[in-house]
Amino acid sequence: MKADLHVHSCYSDGSDTVEEVLKAAKNNGVTHISFVDHDTTKGLAEVLELGKQYGIKVIPGIEISAYDFKRNRKVHILGYNYNPDAVHIQSICQIVAERRQAHSLWQITQIKAAGYWLNEDEIIKSANPSGTIYKQHIMKHLTNEAYSSSAYKQLYKKLFKDDGVASGDIEYIDVFDAVRAIVLDGGLAVVAHPGQLDSYDVIPELVEIGLGGIERNHIDHSDEDYQKVEALANKYQLVMTGGTDYHGHYGVPIQVGDIVSPLNILCS
């Protein structure tokens, strides 16, 4: 078994289509996969159908952009094996999507006012089938530099960070509401890459409302993170997951299946 349980597609902020990701997964020997596109279940039907065609077991997934208001930090929550209708998940994610779209359109206006040429209609078109514009879509229309290049990073920071003309962020969903929604929809709620966002402190509190897992294997995790995750998983009987966090050209250079999930009940 080779399971990559953290990949993204063009249904959110990944550059590749579902089929392109699955082709790569097949070529790399991946047997189980989960598309955890941000704040949407929109691509699930296509993912399930194409998964059958490529002989890869697809585990329904999502990554919800949430916030720990007690500690004032972002927390991402992965949801797996939720009910197909996902009414609770869709309800809260619709709010996030609307806020993100409005903010992205504002960012485009600000960047244009700063003297950069952007065509809003073309950006909207390039964001399909997501239907929501992400910063990666805007950057695609500003530079041909690779995501990992210094030129890309400098422009991104200049525009979107600190006192950049398009800096700022949306108000995210409360992390407790995100976990509750996944649980209510019959899914397994998992804290994503806790080492990346320093999400460790909230985990005991989330366990009390149904958190079932924690992501161990991630490109941003160190040996110290592995130890922390394992200790928490053992203490609270949490499933450990993992994957590449693949975004295609919109993310760090990595191939589908380069990082895999520990053996767990998700893939049984």
Side-chain angles (χ1 to χ4, degrees), residues 6-24 34-47 49-50 60-66 74 76 78-79 86 89-114 116-149 151-153 155-161 164-173 192 244-254 256:
H6 195 148
V7 302
H8 297 272
S9 76
C10 58
Y11 277 102
S12 65
D13 61 344
S15 66
D16 295 356
T17 66
V18 167
E19 186 159 18
E20 287 170 336
V21 176
L22 285 170
K23 281 182 179 178
S34 186
F35 286 78
V36 292
D37 281 310
H38 290 282
D39 309 307
T40 184
T41 62
K42 189 181 294 185
L44 182 57
E46 181 184 7
V47 169
E49 179 58 33
L50 286 173
I62 191 169
E63 184 170 7
I64 299 178
S65 309
K74 293 179 182 178
H76 286 188
L78 298 163
I89 292 172
Q90 291 190 54
S91 177
I92 64 170
C93 286
Q94 182 63 30
I95 297 171
V96 176
E98 290 174 357
R99 290 174 181 171
R100 191 189 303 279
Q101 183 73 354
H103 185 63
S104 294
L105 292 173
W106 172 83
Q107 288 176 317
I108 292 170
T109 300
Q110 297 302 112
I111 293 170
K112 288 171 65 176
Y116 294 85
W117 188 89
L118 285 174
N119 185 313
E120 182 178 302
D121 292 336
E122 287 299 315
I123 295 174
I124 292 172
K125 182 179 179 180
S126 68
N128 286 330
S130 168
T132 303
I133 299 170
Y134 288 80
K135 290 189 284 289
Q136 290 90 333
H137 299 131
I138 299 174
M139 286 292 294
K140 178 183 178 181
H141 290 260
L142 290 170
T143 178
N144 291 320
E145 296 290 339
Y147 176 89
S148 57
S149 70
Y152 185 104
K153 292 177 181 178
L155 179 59
Y156 184 93
K157 183 177 181 180
K158 178 181 179 181
L159 295 176
F160 297 107
K161 297 296 183 181
V165 295
S167 63
D169 212 338
I170 65 172
E171 180 181 349
Y172 291 102
I173 294 298
T244 52
D245 205 349
Y246 179 80
H247 285 78
H249 299 306
Y250 293 163
V252 298
I254 196 168
V256 181

### Message
Nearest 0.5 Å, please: how far is CG in L118 from CD1 in I123?
### Response
4.5 Å
### Query
What's the shortest heavy-atom distance between V7 and V21, and which atoms?
CG2-CG1, 4.2 Å
### Query
How far apart are the C-alpha atoms of M139 and L155, what are their side-chain angles, what is the distance that settles it, and do they pass the side-chain contact (heavy atoms from CB on, under 4.5 Å) test?
CA-CA 9 Å; M139 286 292 294; L155 179 59; 4.0 Å; yes
### Task
Could you walk me through whether L142 and L159 pass side-chain contact (heavy atoms from CB on, under 4.5 Å), step by step?
CA-CA 11 Å; L142 290 170; L159 295 176; 3.5 Å; yes
### Message
Treating K42 as the side-chain partner and S130 as the backbone partner, does any N or O pair qualify as donor plus acceptor under 3.5 Å?
### Response
yes
### Counterpart residues, side-chain contact (heavy atoms from CB on, under 4.5 Å), relative to V47 (two or more places apart)
V18, F35, V58
### Message
With a 3.5 Å distance limit and no angle check, can you tell me whether H8 reaches the backbone of V36 through a side-chain donor-acceptor pair?
### Response
yes
### Message
Please find the pair of heavy atoms, one from Y152 and one from T143, that lie closest to each other, and give the distance.
### Response
CD1-CG2, 3.9 Å
### Query
Can you tell me how far the CD1 atom of I133 sits from the CG atom of N128, to the nearest 0.5 Å?
9.5 Å
### Task
Could you check Q94 against E98 for side-chain contact (heavy atoms from CB on, under 4.5 Å), going step by step and ending with a plain yes or no?
CA-CA 6 Å; Q94 182 63 30; E98 290 174 357; 2.9 Å; yes
### Task
Flag the pair I62 / T40 as yes when at least one side-chain heavy-atom distance between them is below 4.5 Å, and no otherwise.
no
### Message
Aromatic contact between H249 and H247, with the criterion being ring centroids under 6.0 Å apart: yes or no?
### Response
no
### Query
Is any side-chain heavy atom of D169 closer than 4.5 Å to a side-chain heavy atom of K74?
yes
### Message
A quick test of your reading: do over 12 heavy atoms of other residues, nucleotides or ligands sit less than 6.0 Å from NZ of K135?
### Response
yes
### Message
Determine whether I95 and R99 satisfy the following criterion, side-chain contact (heavy atoms from CB on, under 4.5 Å), listing intermediate values before the conclusion.
### Response
CA-CA 6 Å; I95 297 171; R99 290 174 181 171; 3.4 Å; yes
### Task
Might you point out which heavy atoms bring G61 and S34 nearest each other, and give the distance in Å?
CA-OG, 3.5 Å
### Message
Quick check: closest heavy atoms across S126 and H137, and the distance to 0.1 Å?
### Response
O-CD2, 4.1 Å
### Message
So, taking the atom named CD in Q136 and the one named OG in S15, what distance separates them when rounded to the nearest 0.5 Å?
### Response
10.0 Å
### Query
Hey, which of T17, D16, D37 is the one that makes side chain to side chain donor-acceptor pair (under 3.5 Å) with S9?
D37
### Query
Taking atom OH of Y134 and atom CD of Q101, what is their separation to the nearest 0.5 Å?
9.5 Å
### Message
Closer than 3.5 angstrom, by distance alone: can the side chain of R100 be matched with the main-chain N or O of I170 as a donor-acceptor pair?
### Response
no
### Query
Y116: what forms a ring-ring contact (aromatic ring centres under 6.0 Å, His included) with it, not counting sequence neighbours?
none
### Query
So do Y250 and K140 actually touch side chain to side chain, heavy atoms under 4.5 Å?
yes
### Task
Please report the shortest heavy-atom distance between A151 and E145, naming the atom on each side.
CB-CG, 3.7 Å
#### Entry: From I138 atom CD1 to Q107 atom CD, the distance as rounded to the nearest 0.5 Å
5.0 Å
#### Entry: Atom pair CD (Q90) and OG1 (T41), whose distance is rounded to the nearest 0.5 Å
3.5 Å
### Query
Does the side chain of F160 reach to within under 4.5 Å of the side chain of I111, using non-hydrogen atoms?
yes
### Query
Is the H38 ring parallel, tilted or perpendicular to the H76 ring (thresholds 30°, 60°)?
perpendicular
### T109 (side chain) donor-acceptor with L105 (main chain) under 3.5 angstrom
yes
### Message
Test of understanding: with salt bridge (Lys or Arg N to Asp or Glu O under 4.0 Å), list the residues that count as partners of D245, not counting sequence neighbours.
### Response
none
